[in-house]
Undergrad: 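Below is the structure I would like to discuss, written out as structure tokens.
Counting convention: from 1, in listed order, for ligands and their atoms alike.
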Amino acid sequence: MIKDLIKKEARRQKKVINLIPSENYVSKNVLAALGSPLTNKYAEGKSHQRYYFGNEVVDELEDEVKRLVLKVFKISSEEWGVNVQPYSGSIANMAAYLASVNVGDKILAMSLEHGGHLTHGHHVSWTGKLFKFEHYGVGHDGWLDYDGIAKIAKEFKPALIVCGATAYPRQLDFKKFKEISDSVGALLMADISHIAGLVVGGVHPSPFPYADIVTTTTQKTLRGPRGAIIISAKRPRPYANGGSGKTKNEKEILSDAIDKAVFPGLQGGPQVHTIAAMGVALEEAIKPSFKKYAKQIVNNAKKLSEELGRLGFKIVSGGTDNHLLLVDVTPLGLTGGEAGSKLEKAGIIVNKNMIPFDTRKPWDPSGIRLGTPAVTTQGMKEKDMVKIAEEISTILKQ
Ligand code: DSN
């Protein structure tokens, strides 16, 4: 029965050491919101402008969650519009593109191979098929090369620049990205899905006020349910011809365009139970204990990286400033897939990942990606990272 499988998975989650940087363990209250009667309600439309009746409580709830978003990111409702309805980060990113540029326009983003996301215009994603993407990456040292990005931007002349990554172990310089996007008259979008909890916890610089649009999932360092948020500027969209030859309504307010792109553009009814669970996670993230949590995530990642480095592992970029690290396992005579499955057998869960300039393919790349949000939620500290590093070393060197 399904309920037995749910119990089985809960037991698995308790048994393993989870080092997947995009996963976390939510609180009982977040789980309770996800399993609440809110799942029974249809609420198509914006708060107070619904296509279904009986939404007086849902309106109150969605308004409150939006207020919490503004509060945790320390931004004002005068300048920023919030949409908490996207089902996922992929949809949030697609909505951001559709609202800010024309189909066929030029967008500059980080390549998947160097740490970007599939929805940052990879050719197998619809984002890559509908828009004309150019990609930037990291230098051979594993760090973003901002002068190089500025040069690509000048040549490519994108209508939108995307910053943000799923496998970049260093801090992002949003101010520099803003200088680059301003220099070519492009809008700036920051996908902070991985680092949202670190931004809220004050251990990573904020994308505000630099980015025009910020997208984030809520299940990663933010420790909420699987869903996404889009925050966008409440100002008319400055629009240059982005390469498709089409023009856009320059007077339209960007945040209004985002709302329309989410519903009815891409989605039907929002998942109200998920929105409630986001609200619970945001209430938790406002507490001082979340600051401590975010700091510990970074301290743990730094310790894990240092220890693995000491044990002879090749760490991309030489370390980490955030919650994750990338390890090149090929010097051990292993592929990322082989290393990940050896670790899985020993109860350590990671994901295989491409490393910059990888000569192997995504299905069996050269690296593994490790992160500390989940183990930090379980209360692990630096001393535990020392043990985990030793265990990883023993397993992979056998
Ligand atoms: N798949 C997520 C990750 O693991 O980084 C991003 O969507």
Undergrad: Suppose clustering is done on Ile, Leu, Val, Met, Phe, Trp and Tyr with side-chain heavy atoms closer than 4.5 Å. Which residues sit in the same group as I395?
TA: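 Via sub-4.5 Å side-chain contacts, I395 links to I17, L19, L304, L308, L311, F313, I315, L325, V327, V329, L332, L334, L343, I348, V350, I368, L370, V375, M380, M385, I388, I392, L396.
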
Undergrad: Using distance alone, with no hydrogens and no angle criterion, decide if T39 and Q271 have a side-chain donor and acceptor under 3.5 Å apart.
TA: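 No - no donor-acceptor pair under 3.5 Å links their side chains.
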
Undergrad: More than 12 heavy atoms of other residues, nucleotides or ligands under 6.0 Å from CZ of R360: yes or no?
TA: yes

Undergrad: What donor-acceptor contacts under 3.5 angstrom involve side-chain atoms of residues 171-179, with partners at least two apart or in another chain?
TA:
residue : atom : partner : partner atom : Å
Q171    : NE2  : V203    : O            : 3.4
D173    : OD1  : K175    : N            : 3.3
D173    : OD1  : K176    : N            : 3.1
K178    : NZ   : D182    : OD1          : 3.3

Undergrad: Check whether Y293 forms a cation-pi arrangement with R223 (NZ or CZ under 6.0 Å from the six-membered ring centre, at most 45° off the ring normal).
TA: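 Checked: cation-pi criterion met.
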
Undergrad: Does Y51 sit in a hydrophobic cluster with other residues, and if so which ones, taking ILVMFWY side chains as linked at heavy-atom separations under 4.5 Å, directly or through other members?
TA: Y42, Y52, F263

Undergrad: For ligand 1, list every N/O pair with the protein closer than 3.5 Å, one pair per line with the distance.
TA:
residue  : atom  : partner : partner atom : Å
ligand 1 : 4 (O) : S22     : OG           : 2.6
ligand 1 : 4 (O) : R369    : NH2          : 2.7
ligand 1 : 5 (O) : H194    : NE2          : 2.6
ligand 1 : 5 (O) : R369    : NH1          : 3.0
ligand 1 : 5 (O) : R369    : NH2          : 3.4
ligand 1 : 7 (O) : H117    : NE2          : 2.8

